[in-house]
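Computed from a prediction, not measured in an experiment: that's the story for all the values here.
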Amino acid sequence: MQSAAPGHVKPPAAATPLAHLLAERIRSHGAITFAEFMREALYHPEWGYYSRKDAQRFPDFYTSVDVHPIFARLLARQLAEMWELMGRPGEFWAVEAAAGTGRLAAGILDFAAREQSAFYGALKYLAVESSAARRGEQTAALARHIAAGRASPAGELPREIPAGCIFSNELLDALPVHRVVVERGEMREVYVTLDGETLAEELGPPSTPEIAPYFLEQGITLREGQQAEAGLAACRWMEEAGRRLGRGFILTVDYGHEAAELYDQRHMRGTLMAYAGHAASEDFLRTPGEQDLTAHVNFTALDLWGRRAGLARSGCVTQMEFLVALGRANEFADLYEPGAAEVEHIRARLLLKTLIHPEGMGETFCVYVQHKLGDASAEAPRLTGLAGI
């Protein structure tokens, strides 16, 4: 392998507890792929960024759920419509992947209980979260729905989901990626090694034969000097979720692109970013376990790998298009709390703009839906949230 700096020179990585642990691993077993580094930095059971208590990471982690309950309420309306389209099965599994402390789950369940009694009666809501600490917080957030038999925390996706929808909000962008760069016409992979006592990057041959076909199957040829991410973990997740789903939908809310755009000349440095204190950087190896790492989702790849499990593309729209299509059905009445004063109505409308304005989250995030309803050749189901297509 050779030392490399695919990006500019960065300050030394800080000696966090996880940095010490990774350094020992590298000394004992040699360099690790960036994908392994990212997996440990985000999901190490003790020191990973997403294993920390929610209050510790919240300053860096701000999602649509945190803006206003309208996001959860309109998502509840979309789930209820899916249930209707599927013939109102007696049990509809709403499986939220990476459910965190249950904020989104509580919003959906509270609204369904209040406004959609028939749908609520069929709901089997699983709040899937790998962190035991955050599953404990879910128990308090969802207490009345757990007591009613409508919800339960879970540590992983169930092996079989007979009928329902698996959905996620900003999950796939945080799954580990392999980083590659084209050097003298050859694809090289980025590894994490040690430079003295400091974590550093070096280039080497691809660690798995899956990387080259990942690009080839999407018709992508990287340019000389181009850096890119191969989201193999997201593809495997989608394929496995599709296999576990008997009948229904998979709905993904995340920021991303189709492959042709994701790997175009505007993304010569890739899309991976590090976030700490709301500040973005390319110092990926600094403070491992104490900053978020994300890469844009490749919707083309999710489509291809999903098809291996019988999934078909329903559609992909911006978050603005999704929320506006669902909200305009009742003139955004779901925006307001029952009995709220006019000043609260004004505040709610201002917060809604954050979710749908093109300069806010509205155009940054996409809603990508796949379905598995028996006949793969049949026309895609007509979902209100995708009406903007």
Side-chain angles (χ1 to χ4, degrees), residues 62-85 88 92-127 138 141-146 148 150-151 164-171 249 251-254 317-357 360-362 364-369 383-388:
Y62 183 73
T63 73
S64 298
V65 182
D66 305 309
V67 176
H68 190 277
I70 188 67
F71 182 81
R73 294 168 186 172
L74 293 179
L75 186 51
R77 290 215 178 269
Q78 185 60 91
L79 293 172
E81 184 183 49
M82 291 172 174
W83 172 65
E84 295 273 3
L85 288 171
R88 291 188 161 211
F92 183 89
W93 293 54
V95 181
E96 182 190 353
T101 59
R103 285 196 297 271
L104 178 57
I108 291 172
L109 287 160
D110 287 350
F111 182 78
R114 187 176 73 241
E115 302 289 341
Q116 305 165 305
S117 58
F119 174 56
Y120 184 73
L123 261 180
K124 183 180 177 68
Y125 196 110
L126 265 65
Q138 288 176 7
L142 306 178
R144 74 183 183 96
H145 304 294
I146 293 172
R150 298 297 107 206
C165 178
I166 303 170
F167 59 101
S168 63
N169 180 41
E170 293 191 65
L171 163 65
F249 299 84
L251 185 151
T252 303
V253 182
D254 227 316
V317 295
T318 65
Q319 178 171 289
M320 177 189 71
E321 292 169 325
F322 181 77
L323 295 179
V324 168
L326 287 163
R328 67 188 174 198
N330 66 351
E331 298 182 339
F332 281 95
D334 296 333
L335 186 61
Y336 310 119
E337 298 290 344
E342 179 59 26
V343 66
E344 291 300 317
H345 285 201
I346 294 171
R347 181 176 180 273
R349 289 194 291 270
L350 290 173
L351 291 173
L352 174 64
K353 288 183 179 180
T354 302
L355 288 171
I356 67 174
H357 197 280
M361 294 175 162
T364 303
F365 289 88
C366 292
V367 180
Y368 175 66
V369 184
L383 297 173
T384 299
L386 300 181

message = For a quick test of reading the model, state the closest non-hydrogen atom pair linking Ala72 to Ile108 and the distance between them.
response = O-CG1, 3.5 Å

task = Answer whether the closest heavy-atom distance between the side chains of Met82 and Leu79 falls below 4.5 Å.
result = yes

note = Looking only at heavy atoms, the pair that brings Ala76 and Phe111 closest together is CB-CD2, 3.8 Å

inquiry  = Could you measure the distance from the CG atom of Asp254 to the CD atom of Gln319? Nearest 0.5 Å is fine.
reply    = 10.5 Å

key: Shortest non-hydrogen contact from Leu171 toward Ala98   = CD1-CB, 3.7 Å

ask   = In terms of the angle between their ring planes, are His145 and Tyr120 parallel, tilted or perpendicular, with boundaries placed at 30° and 60°?
value = perpendicular

ask   = How many angstroms lie between CG in Leu104 and CD in Glu96, if you round to the nearest 0.5 Å?
value = 4.5 Å

message = So Asn169 and Leu75, do their side chains get closer than 4.5 Å, heavy atoms only?
response = no

ask   = How long is the span from the CZ atom in Phe119 to the CD atom in Glu81, to the nearest 0.5 Å?
value = 11.0 Å

Interatomic spacing from CZ in Phe365 to OG1 in Thr318 - rounded to 0.5 Å = 12.0 Å

query = Counting only N and O atoms by type, is there a donor-acceptor contact under 3.5 Å from the side chain of Glu321 to the main-chain atoms of Leu386?
reply = no

inquiry  = What I'd like to find out is whether the side chain of Arg150 reaches to under 4.5 Å of the side chain of Arg144, using heavy atoms alone.
reply    = no

Minimum side-chain heavy-atom gap Phe71-Leu323 below 4.5 Å = yes

query = Which distance, rounded to the nearest 0.5 Å, do you find between the CG of Leu74 and the CD1 of Ile70?
reply = 4.0 Å

4.5 Å side-chain heavy-atom contact, Leu126 and Trp93 = yes

request  = Write down the atom of Ala325, the atom of Ala387, and the distance for their closest heavy-atom approach.
outcome  = CB-CB, 4.3 Å

ask   = How far does CZ of Arg88 sit from CH2 of Trp83, to the nearest 0.5 angstrom?
value = 3.5 Å

query = If only atom types and distance count, is the side chain of Gln116 paired as donor or acceptor with the main-chain N or O of Ala80 below 3.5 Å?
reply = no

query = What are the two closest heavy atoms between Val317 and Gly385, and how far apart are they?
reply = CG2-O, 3.7 Å

note = Heavy atoms of Ala141 and Gly102 approach each other most closely as CB-O, 4.5 Å

